[in-house]
Amino acid sequence: MTDPDPQEDPAAAELARAAAEELVEVVDEAGSVLDVVPRSTMRAQRLRHRCTYIVVVDLQERLIVHQRALWKDVWPGRWDVAFGGVVGVGEDWGEAALRELREEAGVEAGLQALGGGTYDDFDVSLLGRVYLARHDGPFTFPDGEVLQTDRVPLDEVERWIAGRDLCPDSLTLAARALGALAGPASTDQG
């Protein structure tokens with residue numbers, strides 16, 4: 001990560017510094033806590049940690065996607081198919097997902113658990129859980145982690161994904177949820 005230039009954007013630089021100092025649980029694949037370290041150490045050593053992913057769909061069946069802030073410590077400026085982030089020390093998964101939704105999208109909504117799993121690449125190692133939230137907005141970005149959003153009809157998500165540089169972790173972990181949402185509508189009239 002390149003730190004934001006404080007003379008160009010002092011607020012972004014302060015957000016990045018504060019995020020780097022947050023404490024993070026290092027976990028094994030089952031989620032057992034092995035250690036607690038600053039986020040900067042977790043990133044530098046690519047240590048496994050817990051993350052939440054909240055797929056938000058509006059009432060017109062459109063996926064709410066967003067572009068990450070340029071000061072983010074991993075994948076700055078990339079588009080993302082899910083809101084979410086690192087689970088705090090001792091924080092419950094569901095509470096972390098609700099917090100991240102409030103912080104990143106400025107909304108509160110009920111969550112439906114969709115699953116999860118591990119994700120590992122050259123940038124990150126994590127254990128994630130995916131949730132679905134249905135909300136029409138308005139969406140605000142109180143924590144400064146989002147540059148912009150868009151709404152993509154579920155049947156156009158695959159085409160939209162093909163033309164973007166995306167965060168691979170949320171795309172991988174949320175892919176099953178996105179596929180199920182974009183699949184054929186139920187004909188059950190029961």
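Both backbone and side-chain heavy atoms feed into the values below; hydrogens, waters and symmetry mates do not. The model shown is predicted, which means the values in this text are computed figures rather than measured ones.
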Contact check, side chains of Val87 and Cys51, non-hydrogen atoms, under 4.5 Å = no
Looking at CG of Leu59 and NE2 of His135, how far apart are the two atoms once the value is rounded to the nearest 0.5 Å?
-> 8.5 Å
Between Arg39 and Asp73, does at least one N-O distance fall below 4.0 Å, as a salt bridge requires?
-> yes
For Leu132 and Val57, what are the C-alpha separation, side-chain angles and deciding distance, and is it a side-chain contact (heavy atoms from CB on, under 4.5 Å)?
-> CA-CA 8 Å; Leu132 170 65; Val57 176; 3.8 Å; yes
Rounding to 0.5 Å, atoms CD (Glu145) and NZ (Lys72) come to a distance of 3.5 Å
Could you tell me whether a side-chain N or O of Gln67 sits under 3.5 Å from a main-chain N or O of Asp80, the two making a donor and an acceptor?
-> no
Determine whether Arg134 and Gln112 make a side-chain contact, defined as any pair of heavy atoms from C-beta on separated by less than 4.5 Å.
-> no
Point-to-point distance, once rounded to the nearest 0.5 Å, from CG of Asp136 to CG of Asp58 | 5.0 Å
Under the salt bridge (Lys or Arg N to Asp or Glu O under 4.0 Å) rule, collect the residues that match up with Asp143, sequence neighbours excluded.
-> none
Drop me the distance from Leu171's CG to Arg78's CZ, to the nearest 0.5 angstrom.
-> 10.5 Å
Report yes or no: does Trp160 contribute a side-chain atom to a donor-acceptor pair with the main-chain N or O of Pro153 at less than 3.5 Å?
-> no
When every non-hydrogen atom of Val81 is compared with those of Val65, the smallest separation belongs to CA-CG1, 4.3 Å
Cation over ring face, Arg50 and Trp93, 6.0 Å, 45° | yes
Taken to the nearest 0.5 Å, the spacing of His66 NE2 from Ile64 CD1 works out to 11.5 Å
Taking the side chain as C-beta and beyond, is there a heavy-atom pair between Val107 and Leu101 under 4.5 Å?
-> yes
Do the non-hydrogen side-chain atoms of Trp79 and Ile161 ever get within less than 4.5 Å of each other?
-> no
Where do Thr52 and Ala96 come nearest, in terms of heavy atoms and distance?
-> CG2-CB, 3.9 Å
Verify the distance criterion only: is there a donor paired with an acceptor across the side chains of Tyr53 and Asp169 at less than 3.5 Å?
-> yes
Do Thr41 side-chain atoms and Val37 backbone N/O form a donor-acceptor pair below 3.5 Å?
-> no
Should we count CD of Glu158 as having more than 12 external heavy atoms under 6.0 Å?
-> no
Do the non-hydrogen side-chain atoms of Leu147 and Leu70 ever get within less than 4.5 Å of each other?
-> yes
Could you list the residues that satisfy side-chain contact (heavy atoms from CB on, under 4.5 Å) with Asp92, not counting sequence neighbours?
-> Glu95
Between the main-chain N or O of Val124 and the side-chain N or O of Arg46, is there a donor-acceptor pair closer than 3.5 Å?
-> yes
Side-chain contact test, heavy atoms from C-beta onward, threshold under 4.5 Å: evaluate it for Leu111 versus Leu98 and give yes or no.
-> yes
Return the minimal non-hydrogen interatomic distance between Gly144 and Ala69, and the atom names on each side.
-> O-CB, 3.4 Å
Taking only Lys NZ, Arg NE, NH1 and NH2, and the carboxylate oxygens of Asp or Glu, determine whether Arg43 and Asp123 approach each other closer than 4.0 Å.
-> no
Taking the inter-plane angle between the rings of Phe139 and Phe83 on a 0 to 90° scale, is it parallel (under 30°), tilted (30 to 60°) or perpendicular (over 60°)?
-> parallel
Val130 and Val55, any side-chain heavy atoms less than 4.5 Å apart = yes
So, the side chain of Arg68 versus the backbone of Val74: is there a donor-acceptor pair under 3.5 Å, distance only?
-> yes
If every non-hydrogen atom of Gly116 is compared with every non-hydrogen atom of Leu173, which pair is closest and at what distance?
-> C-CD2, 4.4 Å
Which heavy atom in Leu127 sits nearest to a heavy atom in Ala30, and how many Å separate them?
-> CD2-C, 4.1 Å
Output yes when a side-chain donor or acceptor of His49 lies under 3.5 Å from a complementary backbone atom of Leu47, and no otherwise.
-> yes
State, with a plain yes or no, whether a side-chain heavy atom of Val33 is found less than 4.5 Å away from one of Glu25.
-> yes
Hydrophobic cluster identity match, Tyr131 and Val146, side-chain contacts under 4.5 Å | yes
Spatial distance of atom CD (Gln45) from atom OG (Ser125) [nearest 0.5 Å] | 12.0 Å
Linking I/L/V/M/F/W/Y whenever their side-chain heavy atoms sit closer than 4.5 Å, directly or via other members, would Trp75 and Leu126 fall into one cluster?
-> yes
Look at the side chain of Glu91 and the backbone N and O of Gly88, then say whether any donor-acceptor pair between them is shorter than 3.5 Å.
-> yes
